[in-house]
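Source: prediction; values computed, not measured. Atoms within a ligand are numbered from 1 in the order they appear, just like the ligands themselves.
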Amino acid sequence: MTAATSETLAAFGGRPSVPKQLRNPPWPVITEEDRAAVLDVLGTGPLVSNVDGRSAVSDLEDAWAERCGARWCVATSNGTTALTAALAAMDIGPGDEVIVPALSFIASALAPVHQMAVPVFADVDPATFTLDPDAVRSLIGPRTAAILPVHLHGHPADMDALGELADQHRLAVLEDAAQAHGAVHYGRKVGTIGTAGAFSLQVTKNLPTCGEGGLLLTQDADVARKARMAREFGEVIEPGAERDYVSYLLGWNHKMNPVQAAFALSQLRRFDAYEAARRRNVTRLLERLAALPGLIVPTVAQGSTHAWHILRFRLDPVRAGLDGVAPAAFRRSVHRLLRAEGVPVSRYQVLPLPLQPVFVDRTGFGRGHPWTAAPRRPVARAGDFPVTEAVIEDSLTLQKRHLNPDAGDALERFADGFEKVWQHMDTVARMARAR
Ligand SMILES: *Cc1c(COP(=O)(O)O)cnc(C)c1O
């Protein structure tokens with residue numbers, strides 16, 4: 001410690017804690033097997049999945065359903081279309097309200113709007129960053145049709161409490177598991193607990209494809225059947241039967257490409273090994289960082305496992321000994337100093353979802369739709385979601401860099417960077433107070 005204390009911060013000309021070549025461990029990891037899987041599809045086809053019979057898409061569906069212990073899996077073009085196909089299959093539509101967390105990726109809240117339903121925003125838990133069941137309870141009304149919990153950053157939402165609310169009020173539950181492949185809640189894989197669950201295979205997610213993809217899980221044969229119809233123009237594609245081009249329902253073209261399915265399937269073969277390595281690397285990183293006063297590392301609630309898609313660190317100036325410094329000022333100073341050290345932290349979400357212009361201005365389908373179809377809830381204002389707003393102000397995230405199974409050395413250097421900045425807390429304080 002004492003030797004390091006004298007080391008100059010990189011922001012003031014010292015040597016950065018993280019050498020350049022360790023700052024961005026590649027993700028996804030692409031192997032010869034992945035390349036061969038893609039070339040195999042290009043060689044033998046089929047290149048679209050609108051045909052009856054086996055393809056890389058149906059292979060991926062079967063593999064994911066089996067791995068998660070789900071009865072049905074429907075592959076789609078991306079995670080957002082997995083969400084909208086699920087909502088369509090659950091008969092969520094005009095006049096319905098869907099309760100979504102105020103802290104998430106925008107797609108969680110756009111999906112109900114795409115179905116002409118209205119998202120109603122609930123605040124999140126300050127430790128898990130997932131839907132606060134008490135907030136959800138207070139928002140349930142006569143138009144509430146579904147709850148859309150997001151397993152944000154890879155931590156399962158409180159599915160017991162939310163499931164109880166859903167049962168009481170006869171609500172559907174759509175899990176947004178886009179960030180949580182493989183996470184477990186009391187012995188059950190996320191995505192299999194609600195009415196349906198949606199995953200993203202977008203290239204930065206924990207189970208990546210070479211571009212975009214989505215997977216929908218359900219235990220309900222009817223939801224699976226309707227999701228398949230929604231995915232393909234409202235048609236019924238029966239195994240063994242010729243396509244008849246009859247549309248029974250409103251459908252879209254949300255199909256997955258077999259090339260991307262083959263790539264994801266190849267990645268899935270290494271998923272367990274990668275997950276185990278990531279768990280070791282992240283645990284080690286968090287152990288070191290937990291020792292720094294005022295740095296609140298992510299934790300895992302009882303009964304849950306964490307997929308560690310994103311690591312979110314909250315910053316508490318009081319616990320760091322910086323009385324009178326605002327959390328945002330503390331966060332900004334730490335951010336600047338860490339970046340100079342080569343620690344690639346960044347912010348994730350700079351606005352609560354309800355304060356995004358699309359929801360403040362209600363720019364949906366025009367003429368106020370879909371909001372006109374539901375009893376008018378007031379437009380959100382700053383201060384309505386205190387936990388989400390505090391989390392956005394006072395936290396920094398590590399994204400993607402820790403997903404590579406060989407990122408262990410990089411993460412050790414990241415921890416060095418944090419420790420170095422914490423050894424210069426007087427400088428952090430000076431910078432934060434000067435703002
Ligand atoms: C990535 C993501 C989505 C959307 O997935 P896409 O495949 O990018 O459409 C939805 N919800 C959350 C929480 C996500 O992180």
Side-chain angles (χ1 to χ4, degrees), residues 27-28 57 60 64 73-88 98-115 119 121-122 124-125 128-131 146-157 159 173-183 190-191 194 196-217 227 230-231 252-257 260-261 263-264 267 298 306-312 346-354 356 358-359 388 391-392 397-400 402-403:
W27 188 258
V57 174
L60 176 63
W64 190 243
C73 178
V74 181
T76 62
S77 51
N78 57 60
T80 307
T81 53
L83 287 169
T84 55
L87 290 169
V98 179
I99 299 180
V100 299
L103 185 69
S104 183
F105 180 62
I106 189 75
S108 313
L110 290 180
V113 178
H114 291 160
Q115 284 307 115
F121 296 96
V124 298
D125 178 272
T128 65
F129 312 125
T130 64
L131 267 183
I147 306 174
L148 201 159
V150 181
H151 307 303
L152 196 67
H153 303 342
H155 193 294
M159 294 305 292
V173 176
L174 172 56
E175 298 172 67
D176 181 341
Q179 300 188 359
H181 312 73
V190 300
F199 296 83
S200 168
L201 305 181
Q202 198 265 347
V203 66
T204 63
K205 307 286 164 113
N206 285 21
L207 177 61
T209 185
C210 48
E212 312 271 351
L215 295 169
L216 184 168
L217 294 181
R231 169 178 71 176
W252 291 264
N253 182 0
H254 287 340
K255 295 190 298 297
M256 179 183 280
N257 179 308
Q260 304 201 312
F263 185 94
Q267 289 277 328
H306 200 307
W308 301 125
H309 176 60
I310 287 175
L311 309 181
R312 184 182 285 276
S346 57
R347 299 183 76 197
Y348 179 85
Q349 305 306 346
V350 294
L351 280 176
L353 293 184
Q356 289 275 0
V358 61
F359 298 122
T388 294
V391 167
I392 287 173
T397 63
L398 189 63
Q399 300 174 43
K400 229 175 80 167
H402 60 288
L403 297 182

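An N or O contact shorter than 3.5 Å links Q179 to ligand 1 by distance. Ligand 1 has no N or O atom lying under 3.5 Å from any N or O atom of Q202, backbone or side chain. Taking any N or O of G79, backbone or side chain, at least one lies under 3.5 Å from an N or O belonging to ligand 1. Inclusion of S200 in the set of residues having an N or O under 3.5 Å from an N or O of ligand 1 is warranted.
When ring centroids are compared, H181 and F199 come within the 6.0 Å threshold.
Interface of S104 with ligand 1, defined as ligand atoms under 4.0 Å from a residue heavy atom, comprises 13 (C).
Scanning the protein heavy atoms around atom 1 (C) of ligand 1, the nearest turns out to be K205 NZ, 1.5 Å. Nearest protein neighbour of atom 4 (C) of ligand 1, counting heavy atoms only, is T80 OG1, 3.6 Å. Residue, atom and distance of the protein heavy atom nearest to atom 13 (C) of ligand 1 are D176 OD2, 3.5 Å.
Not a single heavy atom of G214 lies less than 4.0 angstrom from ligand 1. The shortest heavy-atom distance from H151 to ligand 1 is not under 4.0 Å.
Separation of atoms CD (Q115) and OG1 (T84) is listed at 6.0 Å; rounding is to 0.5 Å.
In V150, the part holding a heavy atom less than 4.0 Å from any atom of ligand 1 is the side chain. For A198, no heavy-atom contact with ligand 1 is shorter than 4.0 Å.
Looking at F105 and L110, their side chains never come closer than 4.5 Å, going by heavy atoms from C-beta outward. Under the 4.5 Å side-chain criterion, counting only non-hydrogen atoms from C-beta, T388 is not in contact with F121.
Applying side-chain hydrogen bond (donor to acceptor under 3.5 Å, both in side chains) to Q179 and the options K205, H153, H155 leaves one that passes, H153.
At least one donor-acceptor pair under 3.5 Å links the side chain of E175 to the backbone N or O of G191. Without hydrogens or angle criteria, T397 side chain to S346 main chain gives a donor-acceptor distance under 3.5 Å. The backbone N or O of P298 lies less than 3.5 Å from no partner atom in the side chain of R312, so there is not a single donor-acceptor pair.
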